[in-house]
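Reviewing the structure listed below.
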2 protein chains.
Amino acid sequence: MALAENADDLQGTEKVFSFFREQLLAGALKLGDRLLSERELALSLGVSRPVLREALRSLAMLGFLDIRHGKGAYVRAADISVLTDFFTFSLAQQPDILDDVMQARIAIECQAIRLACERAGDSDFSRIGSHLSRLMETLDDPEAGGEADFTFHVSIVEAGRSPALITLYQAVSELLRRSHVERRQLTVKVPGIRDYLVDAHREVFLSIVARDPDAAEKRLREHFAIGDEFRRKSFIAAYSKAASQPKD
Amino acid sequence: MALAENADDLQGTEKVFSFFREQLLAGALKLGDRLLSERELALSLGVSRPVLREALRSLAMLGFLDIRHGKGAYVRAADISVLTDFFTFSLAQQPDILDDVMQARIAIECQAIRLACERAGDSDFSRIGSHLSRLMETLDDPEAGGEADFTFHVSIVEAGRSPALITLYQAVSELLRRSHVERRQLTVKVPGIRDYLVDAHREVFLSIVARDPDAAEKRLREHFAIGDEFRRKSFIAAYSKAASQPKD
DNA sequence: CCCTTCCAGTGGTATGACCACTTTCAACCA
DNA sequence: TGGTTGAAAGTGGTCATACCACTGGAAGGG
């Protein structure tokens, strides 16, 4: 009979996916394990080899399999680089999602900084500190400055020592890195921006060192809010200038 | 000659991917556009249909294509829902990460509840409220109670109206749903738990209605912390009882 | 005019064959 | 005896062809 051939009444591709989900959750497949050959797997799952290959390819694209020609397919720890590819594509399609991704960034950082206040060690402090120094040295260079700003925030998230938060942060980081630089280019000419940047970041840093979660989160939120404010001001300035000097 | 057949000297699958990357970034393929049929595409790209299908499947899994049986493949705006698949597989690989995922949950909810205070409308209020009522009705049933607890928190996140946060929450929620029920089963017998659950959730709800972000986040964090506390107590109780009454 | 039926086009699956790469090991030569 | 070589087996990579299942519209009948 055509139905209930193996165990699932699922058809085709979905059968393969559910098989892997089960195997992984049950622990039958561990990291580094080698899968059966495509021919054996297709036979045992009751699907054709092309169908099986479509599923394996998809899993490989998500980063869960490492398929090597002539050797076989191996279970791999999913790596985040897929997600950065994904976000890059999606940004090309709808640039307006960046604002919303910012909400995710704020969420992650605010929780991570609380954890950092509890968990960070001296090595974390010195790492964050060095990025802060770097940030102060590059105030006049939008590109290097944006990069330093970005790595400063990354080091805070890392100091939280939560794999889940770090993973999520990395997933959106490719977008954030670019936006850091763009923002710097926008706001570099706003009066008082240099002093503000130094003070804001230093206060955030000091709150972590003081191991005061409430203060740290509060400072960080203020930092984000004021950053928004500066960006609005720079837009206003740009448009005002455009009105009096229509061409560049 | 075998090489330089079309334009790229790439072979097979990679040729298909690079083709789509170019088409998408160049704007030749817009949202909602219908792709050529698999047979035509395969012919025009100089690859076989199975190979083309592997690539299309992978793109569909990443959310960039919507393939419909009998109709064709359409270019789709990739939403962030791929993250759900990603995290499902991801955590299947390392089940011990579940405690850490809780940090992600806290991060998302605390930011979402702040947004909810600004953005939520009457419909959101009534939805959250109804889930709160449901929660109060199911205090004695660990399963239904855990489910109600879960949906209450979901409705808060939805009220924040941030697609990125909602998606991330969905991604980790499949794990959390199970843990909600398990926790209820653990803590259902702890003295005072019923009153606490009602009060804590009601206060969180009222803070949202009052549109007070700081209070709402504070209550929510307390809720999480006290939940931890209750769980610890129940463990202590269970082990103490086990010492005096070794069986069951 | 509406409903039914059929058909062409599409994705979904299956089969079998062949190619390219990797590893192994046995045969061969020094 | 020891080292080198190359043949064979097993793997993923690709291809061609055929057929099935679903969709939608056109042609036919009521």
Exercise. To the nearest Å, how far apart are A:Asp66 CG and D:dT11 P?
Worked result: 17 Å
Problem set entry | Minimum side-chain heavy-atom gap A:Ile166-A:Ile108 below 4.5 Å | no
Problem set entry | side-chain N/O A:Ser48 vs C:dT13 OP1/OP2, d < 4.0 Å | no
Problem set entry | Protein-nucleotide distance (A:Arg68, atom CZ; C:dT22, atom P), rounded to Å | 11 Å
Problem set entry | Given C:dT15, C:dG11, D:dC15, the nucleotide with the shortest approach to the side chain of B:Val47 | D:dC15
Exercise. Does B:Arg53 have a side-chain nitrogen or oxygen under 4.0 Å from the phosphate oxygens OP1 or OP2 of C:dG12?
Worked result: yes
Exercise. Tell me: CD of A:Glu14 to P of C:dG12, nearest whole Å?
Worked result: 13 Å
For this session: Return the orientation label for the A:Phe224 and A:His153 ring planes: parallel under 30°, perpendicular over 60°, tilted otherwise.
Result: parallel
Exercise. To the nearest Å, how far apart are A:Leu52 CG and C:dT15 C1'?
Worked result: 15 Å
For this session: Go through C:dT10, D:dG12, C:dG12 for me and flag the one nearest to the B:Ile67 side chain.
Result: C:dG12
For this session: Please examine the side chains of B:Leu65 and B:Arg76, heavy atoms only from C-beta on, and report whether any two atoms are closer than 4.5 Å.
Result: no
Problem set entry | Plane angle bin for B:His201 and B:His223 - parallel if under 30°, tilted between 30 and 60°, otherwise perpendicular | perpendicular
For this session: Please evaluate the base of D:dG13 for a donor-acceptor partner in the side chain of A:Arg49 within a cut-off of under 3.5 Å?
Result: yes
Exercise. Between D:dC15, D:dG12, C:dT10, which nucleotide gets closest to the side-chain atoms of B:Pro50?
Worked result: D:dC15
Exercise. Quick one: A:Glu54 CD to C:dT13 P, roughly how many Å, whole number?
Worked result: 7 Å
Problem set entry | Heavy-atom side-chain contact between B:Phe20 and B:Val75 under 4.5 Å | no
Exercise. Taking atom C1' of C:dT13 as reference, at what distance in whole Å does atom CZ of B:Arg39 sit?
Worked result: 11 Å
Exercise. When the distance from CD of A:Glu38 to C1' of C:dG16 is rounded to whole Å, what number comes out?
Worked result: 15 Å
Write down the protein N/O and nucleotide N/O pairs, taken from nucleotides 22-27 of chain D, whose separation is under 3.5 Å; answer none if there are no such pairs.
| residue | atom | partner | partner atom | Å |
| --- | --- | --- | --- | --- |
| D:dG24 | OP1 | B:Lys71 | NZ | 3.4 |

Exercise. Can a cation-pi geometry be assigned to B:Arg68 and B:Tyr74, taking NZ or CZ under 6.0 Å from the six-membered ring centre and within 45° of the ring axis?
Worked result: yes
Exercise. In terms of side-chain heavy atoms of B:Arg34, which of D:dG13, C:dT15, C:dT10 is nearest?
Worked result: C:dT10
Exercise. Taking A:Arg183 for the side chain and A:Gly227 for the main chain, is one N or O donor matched with an acceptor at less than 3.5 Å?
Worked result: no
For this session: Check the distance between D:dG10's P and A:Leu35's CG and give it to me in whole angstrom.
Result: 19 Å
Seminar exercise, completed: Comparing B:Arg57 with B:Glu40, nearest DNA chain C nucleotide closer to 5' gives the residue B:Glu40
